[in-house]
Structure formats: structure tokens, C-alpha cells
Amino acid sequence: MLDFMRKHASSWFVTGIIGAIVVVFVLWGIGSFRSAQFQEVAEVDGAKIYLPEYYKAYQNLVRNYQEQMGGEFNEEVAKTLRLREQALGQMIDELLIKQASNRLGLNVTDAELRDYIRRNPAFADERGFNEKRYHQLLARRRLPASEYEEQERQQLLVQKMVHFITSFAKISEADLQEAYRLQQETVRVEYVVLGPSQFLKEQQAGAAEMQQYYESHPETFREPEKVKVRYLFFKFNDFDGQIKADREKIETYYYDHMEDYSRPQTIRVSQLFLEPPSKAGTAEQQHFRLLAEKLLQRARAGESFEQLQKKYSPEAEGRIQAGELGLVKRGQNIPEWEAVAFHLKKGGIGMAKTPKGYYLIKVNDILERKTPPLAEVQAQVEKSWRAEEAKKLAHRQAEGLRAEMLNASFAEAAAARHIKVQETGWLTSKDAIPGLGQQPAFSQMAIGLKPQEISKPLNLADGVALLQIMDHQDSLLPPLAQIKDRVAEAVRLEKARLAAAEEAESILSRLQKGESLAKVAALKGVPLKDSGFFTRSQGMPGQGQVRELATAAFSLAATPPHHVDLVSWGGENYLLVFKERRQPSREQFALAREELSKGLIDLKRQMVFSQWLASERQRAKIKVYEIPS
């Protein structure tokens, strides 16, 4: 609930620029670091950070990651993410911001604070701010109004500080034009791909080669650690019958999760409309549906609706329109359209199929949100509350059964509760679990247990698991004779890779001397491919995830010897030859200028704030005594 209240009280820009800092800051406050009896964790220009506040900040971070990752989150993940260091780092940043605001004389007046809180929709009903609701919500959290208001004062002070620092950020016209060029410039290349598969048939593996490869690459053939597991699975759905509706608890759940039920009321939208002929047959309708899906994929890859209209208008027989709708409110469009548009996040693109045709919808901004009263979303809230209660019951039963296993065997304790024990064969950390499918958290926990050890309850997507290791097999390297075929295949593949690389270098040399790629490809019997035009963000069609290829393509020049390049990636060798480059027009830039300017100035502000904070860290006298484990 407090997260919801604060999300709606602060601007989206400030939230984005110091998100993690504000989360810890507003929840725990800095003004409470008072008691000298607490152990000191760190000191920032004489201001102390004490152990209790540090633990609270750390626990808040852990809860955030648990909500995001569910059963995937565990202690090892926390260590990998260095959450303890993150928590302390955020608290240090909070102090630096507060100290700087004091030096600058920034403060928050009572009137500003009052207006700030009154504009928070968490405390509003249909008529606006409701003081009774305000005190009720705080009472539910056992949070005194004075304490909450002090925390909000501190958050508002942080926002003032951020706005003060970032107000100096500017973007020049040259910066805008260059950014647009980098976004919209397209290039086209011809290319061939040489890989090991093209040279594999002619390769042989001799006994001496196999022995040498086996000895020099032992980890390639090492079999992973394996375990056999017995487990109990407490499915969440099985507990639904034990849950009785409790109005007070449902209300509490609603107020704690108000953000989940808020929805856009006013959005800024652009769209592309694809209209099939009114009397189109089945085949023609299918053609337009597939075309709409194709346009959706290309739009999500970064192409603008205007580009798609120009490029695919002939294929759509001219029945395609693109444009800006501006501000749209609920109730202005047909239900099929609104069902998509008002469920998209800012920047999201979706497709709505309507009786008129196919609409590609992009939400450029969300300007107004509404949180419906509990009565309006009662069924949805109760369903979510029941799901959460079922998780608690499943976890509680798993904990109780684990405690019973101190005095009884795994099987005996399960039998007493009439719970079926499941068993697996040999599992590695990457294998699917019989009956559960791919469960990385399950596999990782199983590998980490000792024989006969019983795990802690493990949260998975559909339930809670309790594991016991039946048997364990260490990682081992099989003798060469046992894996002779695998080694031979590896030797042949390695020789094929080398052959492909040598051939690619040979072709590159010929291209650099002036031979055409088409001629060399024909002589070598290698397919010649044309990328078509693509932007940096899209990447080469069919190779979109290979950033190295797009970078190389845009680095090519129109004249030798810099018109060709060789890129090796994923065991394949790509020979690229420059064909054509297109620059965006001034008209396109003029249309996109306003939105581009907003995005760049926000990015510039984030950079300015990050640089300022880094300089504050260097200037300040910061002592870290110990990060508690």
C-alpha cells in the first residue's frame, strides 16, 4: 500500500532517476538514525548509519527481488547481486542527497507537503482527497500520520534536489539530429556465411588427434554432477478449499496492492490500421491477418508506423493508414480496441482485431490513471487474495512436515499426512523434473544438498517442494575408449571450424583486391544473401541478435578497401560487402523531433544526476566499518 501511495505521489522522472534510492529512503527515512546504542555500519561526513536501519533497508531489497523472481530467488542469488552492498550504497547516497540539500538551503514548506499528500490518489475518492480514508489507510499500517508526513517531506526534498541538479541539462539541435540519424539511418549489405557444417564431411579424426584433443579439452567431456531426489509437492490449488472469505483481510489485501488494480484513463496513442476488403474471401482474409502480424513484429523491432505504411502499402493494396490519435479517453473507441490499448504499458505496442480490421496500437504516454473502488474489483481481488493465502498454507504445511522429519523418516512423515512421495532418476542441474518440467531452482537446490539432507521449503510457480537427496554422483571424466565417438566428432568439428575460417580469410583477401562477392560466391558454391535495409536497433534480418554484424555493417564505406569486412561469431564466418546506405529525411526528423527531444533530455538528466552523485561520493568522507553478513 505504501509503495502505491508513493508511486502516485512522485513524478515518473524522479522515480526513474533514483528509483532504488527513493524506495529505501522513503520506507525507512534518514531522520531515524539517532540512537548511539546501535552498532555503526558506516559514516558519511559525520552522519552515522546504524545497524537496525541497514537491516531494514536490506530486507526491503530482498522482498523486492522475491516479488520479482518468485521461486528463482534464493541466498545465492542475493550474494550474486550483492544486495548487502546495494543496500548500504543506497543509504550512503540518501545521506549525500540530504546533506547537499541542506547546504543549498532547499526545504519543503508545510503548504507544499500538504498539497503533495492531497494530490495522492491513494487517499482520494470520487470527490477528491478524503481525510478519513487518509487516516484509515495509515492506521492499517500502524503508521502515525506525523511519521508518514515526515517521510513524505523527505521524499519531496529528494525530488526538489534532483530537479535542481538536473535543470541544467540541455540538448543541442546537433545532438538531436545525430541521435535521430543513429536511430533511423539504414544500411544494406550482401553477405555469405561460411560455417563448419560446410566443411565437415571432408574431415577425418586420427587416433593421435583424438588422444591429443581428449587430453587438452578434458572439461569438454566431463559428465556433470548428478543426484537422485525424492520430493513432496504441495500444489497451491489443493489448498483453495481450506480458505474462507474474510472481508477484512480482503480489504487489507486490496489496499496493499492498489497499484495492481489501477488502470489508465487517458493515454496518448499512435496507430496503424490495416483494413481488409469488405468482401474478402478466406484466402484474402488470411493474407491480411498474416500481414498484420508481420507488421506487429516489425513495429516491435523498432520500425515506425509511417515507415511500415510506406513499405507495405503496395502489399496491402493501399488499405493501410498510420497516424497520431493524440489523447484518448476510455469510452471513445470500440471495446476490442480499448481492451488492447488500455492494457499496454507506456511504449508498448499491441494488435487489436476488430470488425473493421486490424489496429496496431502504440501507447506513447499514460497521462491519467484511476484506481477503482473495492466493490468494482471485488472478484478479482478475492481471487488474488485466495492465491496468496494458498501459498501461505502450502508453505506452512511444508515447514510443519519438515519439522516432523526430525523424528521420523521422509517417507513416514509423508505417509502420516497421506502425501505421495515422488522420486526422480539421475538428474543434472539442467534436467527437467518429472512431473514439474524445467525448474532451475529445484535442480540447483538438489545439487547443493548432502545425501539424506532435507531441503527448506522451495517456492515454485505452482506450489512448494520439499526435497531429500537419495543418492549423489560426483562429476567425472569418462575414459577415452568409452566416449570415442564423441571425441572423434569434436575433432572433426574443430578441423571444420579451422577450414571455414581459412576459406573466409581467403575470400576476404580476394574481395579486398576488387573481386565481386557474387562472383566468388558462385565459384565457391556458397549462397549469396541480401540483407535488405535495416537500422542499428533492428540488426540484420535473420541475424538480429548478433550485434557485431550490425556494427560491422554500419562501419562499412562505399569505396575499397573499407567496403568489406569479416565477422566471426558463434562459430560462423560472415563476409559482408557494402551495397547502399540511406539517411532519414528532414521531414521525418521534423515529425519525430518533439518525442525524441523528450527522451534525450530525460537521458541527459539521468547522466547529469549520476555524474553529480559520483562527484559527491568522491568529495565526501565516507567510512564503511563493516557490511553485516
Side-chain angles (χ1 to χ4, degrees), residues 59 62-63 65-78 225-250 252-253 256-257 381-473:
Q59 289 163 5
V62 168
R63 278 195 299 272
Y65 277 97
Q66 285 173 335
E67 290 175 2
Q68 293 173 28
M69 301 177 65
E72 300 293 321
F73 184 83
N74 53 40
E75 291 181 9
E76 288 304 313
V77 173
E225 185 178 10
K226 298 178 181 179
V227 292
K228 284 185 178 180
V229 183
R230 64 169 60 97
Y231 69 93
L232 305 176
F233 187 61
F234 306 87
K235 197 170 183 179
F236 296 140
N237 288 346
D238 293 342
F239 292 86
D240 189 63
Q242 302 178 29
I243 303 168
K244 295 182 180 180
D246 184 314
R247 179 168 181 79
E248 184 177 349
K249 290 182 179 179
I250 292 172
T252 299
Y253 183 89
D256 285 350
H257 299 82
V381 173
E382 182 171 344
K383 182 179 178 180
S384 298
W385 170 76
R386 282 182 169 278
E388 187 168 290
E389 289 297 302
K391 291 180 181 180
K392 292 177 182 177
L393 289 174
H395 199 277
R396 195 177 304 148
Q397 183 166 342
E399 284 280 14
L401 202 55
R402 183 170 184 262
E404 292 175 17
M405 290 173 184
L406 296 175
N407 302 311
S409 71
F410 194 92
E412 290 170 343
R417 296 282 193 99
H418 305 289
I419 301 174
K420 184 180 178 181
V421 177
Q422 314 264 12
E423 294 186 0
T424 73
W426 287 109
L427 293 174
T428 70
S429 61
K430 297 181 180 179
D431 290 336
I433 313 302
L436 299 178
Q438 289 290 344
Q439 298 286 353
F442 185 108
S443 304
Q444 291 167 11
M445 177 172 279
I447 292 293
L449 292 173
K450 298 175 182 177
Q452 301 306 312
E453 181 183 1
I454 299 171
S455 73
K456 296 179 180 179
L458 174 65
N459 291 319
L460 300 176
D462 299 322
V464 177
L466 208 58
L467 291 61
Q468 184 183 47
I469 299 304
M470 301 162 56
D471 202 356
H472 178 274
Q473 179 179 294

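Along the sequence shown, residues carry numbers from 1.
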Quiz item: Is the shortest heavy-atom distance from the side chain of F234 to the side chain of L466 under 4.5 Å?
Solution: yes
Quiz prompt | Short side-chain to backbone donor-acceptor contact, D431 and T428, under 3.5 Å | solution = yes
Practice problem: Apply salt bridge (charged side-chain N to carboxylate O under 4.0 Å, His left out) to R230 and list each qualifying residue two or more places apart in sequence or on a separate chain. | Solution: none
Quiz item: Counting N and O atoms only, with roles assigned by atom type, does the side chain of Q468 sit under 3.5 Å from a partner on the main chain of I454, one being a donor and the other an acceptor?
Solution: no
Quiz prompt | Nearest heavy atoms of K249 and W385, plus distance in Å | solution = CB-NE1, 3.7 Å
Can you give each donor-acceptor pair under 3.5 Å made by side-chain atoms of residues 390-413, sequence neighbours left out, with the distance rounded to 0.1 Å?
unit_1, atom_1, unit_2, atom_2, d
K392, NZ, E389, OE2, 3.4
R402, NE, S455, O, 2.7
E404, OE2, R417, NE, 3.4
E404, OE2, R417, NH2, 2.7
S409, OG, E412, N, 3.0
S409, OG, E412, OE1, 3.3
E412, OE1, S409, N, 3.1

Quiz prompt | Atom of P434, atom of L427 and distance for their closest heavy-atom approach | solution = CD-CD2, 4.5 Å
Quiz item: Which residue, I433, L449, I469, forms the side-chain contact (heavy atoms from CB on, under 4.5 Å) with V229?
Solution: I469
Quiz item: Under 6.0 Å from the CD atom of E248, do we count more than 12 heavy atoms belonging to anything else shown?
Solution: no
Quiz prompt | Minimal non-hydrogen separation, K420 against L232, with atom names | solution = O-CD2, 3.4 Å
Exercise. Check E388, E382, K383 against R386 for a side-chain contact (heavy atoms from CB on, under 4.5 Å) and give me the one that passes.
Key: E382
Quiz item: Do F233 and Q422 pass the side-chain contact (heavy atoms from CB on, under 4.5 Å) test, and can you show the C-alpha distance, the side-chain angles, and the key distance before you say yes or no?
Solution: CA-CA 8 Å; F233 187 61; Q422 314 264 12; 5.5 Å; no
Quiz item: Tell me, do H472 and E225 make a side-chain contact under 4.5 Å, heavy atoms counted?
Solution: yes
Self-check item: Non-hydrogen atoms of Y253 and V381 that approach each other most closely
Solution: CD2-CG1, 3.9 Å
Self-check item: Under the ring-ring contact (aromatic ring centres under 6.0 Å, His included) test, residues paired with Y231 that sit two or more places apart
Solution: F442
Self-check item: Reported CD1-to-NZ distance for the pair I447 and K430, which is rounded to 0.5 angstrom
Solution: 11.5 Å
Quiz item: To the nearest 0.5 Å, what is the distance between CG (D462) and CG (N237)?
Solution: 7.5 Å
